Amino acid sequence: MPESDRELAISRVALLDLRDEQRLVKEGYELLDEKRILLAAEIRRQMGRLRTWQGLARSADDKARAALMAALDRHGMDELSVYPPLPLSDTPLQFSQSRLFGLELLQVHWRPSAAPAVKRPINPTPEARACAASYRDWLALLVEIAACCVNLRRLVLEYVRTERRARAIENVLLPEIDSGLKFIEEQLEGLDQEEIARLRQRRRLPG
């Protein structure tokens with residue numbers, strides 16, 4: 001007999017209480033299971049967005065590298081390294097938020113304006129402007145990727161916590177309750193049989 005079974009009170013009331021507990025635990029497990037499904041669906045959605053942004057970022061990176069090579073051919077490393085950069089602080093990040101089971105999911109957009117460099121270059125060329133603009137566009141895509149990665153990290157951590165709780169209920173708590181119910185039912189059945197035997201014995205005794 002398990003140690004936990006020895007501690008159970010053998011009574012009809014205890015049996016009913018344990019059945020109520022079993023029902024509540026099963027309801028909790030069903031909610032956790034539904035939460036797992038919804039979290040997994042959101043993880044897949046975020047992964048799809050991440051793959052899309054990563055594909056765009058790879059294309060933008062290739063374009064920026066080509067623009068950089070063209071600018072280097074035109075200016076050389078020394079001249080290009082002191083070329084005035086394009087401003088990046090003129091357009092703030094745009095944040096929007098949504099919630100899933102209390103988790104804050106982010107969408108971050110950055111659409112930099114096509115403002116010219118604050119300081120006019122000594123030797124302005126289309127190659128240098130194209131290089132700066134290409135890397136600015138690439139950076140905007142990295143902002144989207146960063147937001148997706150933050151969301152995925154939060155979602156995966158929550159999924160792991162939910163999975164552990166669901167498995168604890170499924171593999172530990174519910175089996176313990178089932179074992180306790182079985183033990184109480186067997187003990188009550190034994191008590192009933194003993195009571196029936198006593199009643200039969202009394203009937204056989206001479207009055």
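Being a predicted model, the structure only gives us computed values, none of them experimental.
Salt-bridge annotation for Glu27 and Arg23: present, with a side-chain N of the basic residue lying under 4.0 Å from a carboxylate O of the acidic one. Salt bridge absent: Glu42 and Arg154 never bring a charged side-chain N and a carboxylate O closer than 4.0 Å. Glu185 has no carboxylate O lying under 4.0 Å from a charged side-chain N of Lys182, or vice versa, which leaves the two without a salt bridge.
Atom CG of Leu68 is separated from atom CG of Leu72 by 4.5 Å, given to the nearest 0.5 angstrom. Note that the CD1 atom of Ile43 and the CD atom of Gln46 stand 9.5 Å from one another [nearest 0.5 Å]. Taking CZ of Arg165 as the start and CD1 of Ile169 as the end, the distance is 9.5 Å to the nearest 0.5 Å. Note that OG1 of Thr162 is 4.5 Å distant from CD of Glu158, once rounded to the nearest 0.5 Å. Atom CG of Leu56 and atom CG of Asp137 lie 11.5 Å apart (nearest 0.5 Å). Atom CG of Leu32 sits about 11.5 Å away from atom CD1 of Ile37, to the nearest 0.5 Å.
With a 4.5 Å cut-off on side-chain heavy atoms, Leu18 and Glu21 count as touching.
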| field | Derivation of the side chain to side chain contact (heavy atoms under 4.5 Å, CB included) call for Val25 and Tyr29 | value | CA-CA 6 Å; Val25 171; Tyr29 174 77; 5.5 Å; no
| Stepwise, does the side chain to side chain contact (heavy atoms under 4.5 Å, CB included) test hold for Val82 with Asp78? | CA-CA 7 Å; Val82 296; Asp78 291 339; over 6 Å; no
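In plain terms, the two heavy atoms of Cys148 and Arg49 that are nearest each other are SG-NH1, 3.3 Å. Nearest heavy atoms, Pro175 versus Glu170: CD-O, 3.3 Å. For Pro92 against Trp110, the heavy-atom pair with the smallest separation is O-CD1, 3.9 Å. Here the shortest heavy-atom pairing between His75 and Leu80 reads CB-N, 4.1 Å.
No path of Ile, Leu, Val, Met, Phe, Trp and Tyr side chains, each step under 4.5 Å between heavy atoms, connects Leu16 with Ile177, placing them in separate hydrophobic clusters. Under the 4.5 Å side-chain contact rule for hydrophobic residues, Tyr159 and Met47 share a cluster. Note on Leu50: it does not cluster hydrophobically with Leu157, by side-chain heavy-atom contacts below 4.5 Å among ILVMFWY residues. In the hydrophobic clustering of this structure, Leu24 does not group with Val172; members are Ile, Leu, Val, Met, Phe, Trp, Tyr whose side-chain heavy atoms approach within less than 4.5 Å, directly or through other members. When the side chains of ILVMFWY residues are joined at heavy-atom separations under 4.5 Å, either directly or via intervening members, Phe95 and Leu139 end up in a single hydrophobic cluster.
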Residues 97-109 side chain polar contacts: donor-acceptor under 3.5 Å, at least two apart:
unit_1, atom_1, unit_2, atom_2, d
Arg99, NH1, Gly102, O, 3.0
His109, ND1, Glu144, OE2, 2.7

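Here side chain to side chain donor-acceptor pair (under 3.5 Å) pairs that include residues 51-63, with residues two or more places apart or in two chains, are Asp61-Arg65.
Remark: the backbone N or O of Ala130 is paired with a side-chain donor or acceptor of Ser134 at under 3.5 angstrom.
Arg167 pairs by the salt bridge (charged side-chain N to carboxylate O under 4.0 Å, His left out) definition with Glu163, not counting sequence neighbours.
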